[in-house]
**Student:** 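I'd like to ask some things about the structure below.
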Amino acid sequence: MPETINVENKRHSATYSIQNIVVSVELNRDINLKSICEAYKDAEENLNKFPGICLRLKKPKCAILLFSNGKMVITGLKLSKDAPVVINRVIDRLNAIGIEIVDDPEWRLVNLVLSLNFRQSIPLDEAALLLSHSIYEPEVFPGLIFRIQEPKAVFLIFSSGKVVLTGLKAESQILPAIKLLGKTLKENGLLN
């Protein structure tokens, strides 16, 4: 569900929504991938081309990449609070076939991807000249790439006013990053 944030002096606002959360998990033990594939027909594998298997959940909707070294990557989540739910479901499935996971696994959020909409056009040619740490090559990619250092993130800004934000590692960084972008655009005369 899109959320609205005031980005500068309550006159300008943007809506945003989380599109993808990527979580890295450490199960702290080796995993026999072939036994998972034999036990669960929904396990997608092509171990000749990819060193892991893919499991999919419908609720919450996500994909889980599981590797033989016990590392797991969860992608497709919309809420970080769903990560422990997914991890526990995978552990239950592993325990059920004799792959015991005893310790609580370590997990961390490694990337958030959001979509933003400032609901007004942004002149990208002008933005490329005014914003340091930006790249705009319209013949290669139709958006301006703008990087910030604190919090470390990358914005893909399109002339329509739509933006993709990626690279954040905590939900607490969302509002500061969006407000910084809005302030930067406003101070450079790129938002009305």
**Student:** Which atoms form the tightest heavy-atom contact between Gly143 and Leu124, and what is the distance?
**Tutor:** CA-CD1, 4.2 Å
**Student:** Could you identify which residues cluster with Val110, counting Ile, Leu, Val, Met, Phe, Trp and Tyr as linked when any side-chain heavy atoms lie under 4.5 Å apart, either directly or through a chain of such contacts?
**Tutor:**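 Reading the cluster by chain and number, Val110 sits alongside Val22, Phe50, Leu65, Phe67, Val73.
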**Student:** If you measure from CD on Glu26 to CH2 on Trp107, what distance do you get to the nearest 0.5 Å?
**Tutor:** 14.5 Å
**Student:** Side-chain contact test, heavy atoms from C-beta onward, threshold under 4.5 Å: evaluate it for Ile18 versus Leu79 and give yes or no.
**Tutor:**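 Not touching, per the 4.5 Å side-chain cut-off.
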**Student:** Under the rule for ring pair (Phe, Tyr, Trp, His ring centres under 6.0 Å), what residues qualify as partners of Phe158, not counting sequence neighbours?
**Tutor:** Phe141
**Student:** Please determine whether residues Ile122 and Ile145 belong to a single hydrophobic cluster, defined as Ile, Leu, Val, Met, Phe, Trp and Tyr linked transitively by side-chain heavy-atom distances below 4.5 Å.
**Tutor:** no
**Student:** Does the distance from a Lys or Arg side-chain N to an Asp or Glu carboxylate O, for Asp42 and Arg93, drop under 4.0 Å?
**Tutor:** yes
**Student:** Can you tell me how far CG of Asn20 sits from OG1 of Thr75, rounded to the nearest 0.5 angstrom?
**Tutor:** 3.5 Å
**Student:** If you count the non-hydrogen atoms of other residues, nucleotides and ligands that lie under 6.0 Å from CZ in Arg108, is the total more than 12?
**Tutor:** no
**Student:** Give a yes or no on whether Lys169 atom NZ has more than 12 heavy-atom contacts from other residues, nucleotides or ligands under 6.0 Å away.
**Tutor:** yes
**Student:** Within a radius of less than 6.0 Å around NZ of Lys34, do more than 12 heavy atoms belonging to other residues, nucleotides or ligands occur?
**Tutor:** no
**Student:** So, Asn69 side chain and Lys71 main chain: donor-acceptor pair closer than 3.5 Å or not?
**Tutor:**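 Yes: the side chain of Asn69 pairs with the backbone of Lys71.
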**Student:** So, taking the atom named CG in Leu130 and the one named CD in Glu187, what distance separates them when rounded to the nearest 0.5 Å?
**Tutor:** 12.0 Å
**Student:** CG of Leu191 to OG of Ser121: how many Å apart, nearest 0.5 Å?
**Tutor:**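 It is 9.5 Å, given to the nearest 0.5 Å.
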**Student:** Would you compute the distance between atom CZ of Arg29 and atom CD1 of Ile31 and round it to the nearest 0.5 angstrom?
**Tutor:**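 Arg29 atom CZ to Ile31 atom CD1 measures 5.0 Å (nearest 0.5 Å).
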**Student:** Could you check Glu44 against Arg56 for salt bridge (charged side-chain N to carboxylate O under 4.0 Å, His left out), going step by step and ending with a plain yes or no?
**Tutor:** CA-CA 9 Å; Glu44 301 170 25; Arg56 296 183 191 278; 2.8 Å; yes
**Student:** Check the surroundings of atom CG in Asp104: do more than 12 heavy atoms from other residues, nucleotides or ligands lie under 6.0 Å from it?
**Tutor:** no
**Student:** Filter on side chain to side chain donor-acceptor pair (under 3.5 Å), then keep only pairs touching residues 143-166, sequence neighbours left out; what's left?
**Tutor:** Asn111-Thr166
**Student:** Please report the interatomic distance CG(Asn32) to OG(Ser68), rounded to the nearest 0.5 Å.
**Tutor:**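 It comes to 9.0 Å.
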**Student:** Has Lys78 got a side-chain atom pairing as donor or acceptor with Gln19's backbone, closer than 3.5 angstrom?
**Tutor:** yes
**Student:** Over all heavy atoms of both residues, which pair between Val86 and Pro60 is shortest? Give the atoms and the distance, please.
**Tutor:** CG2-CG, 3.7 Å
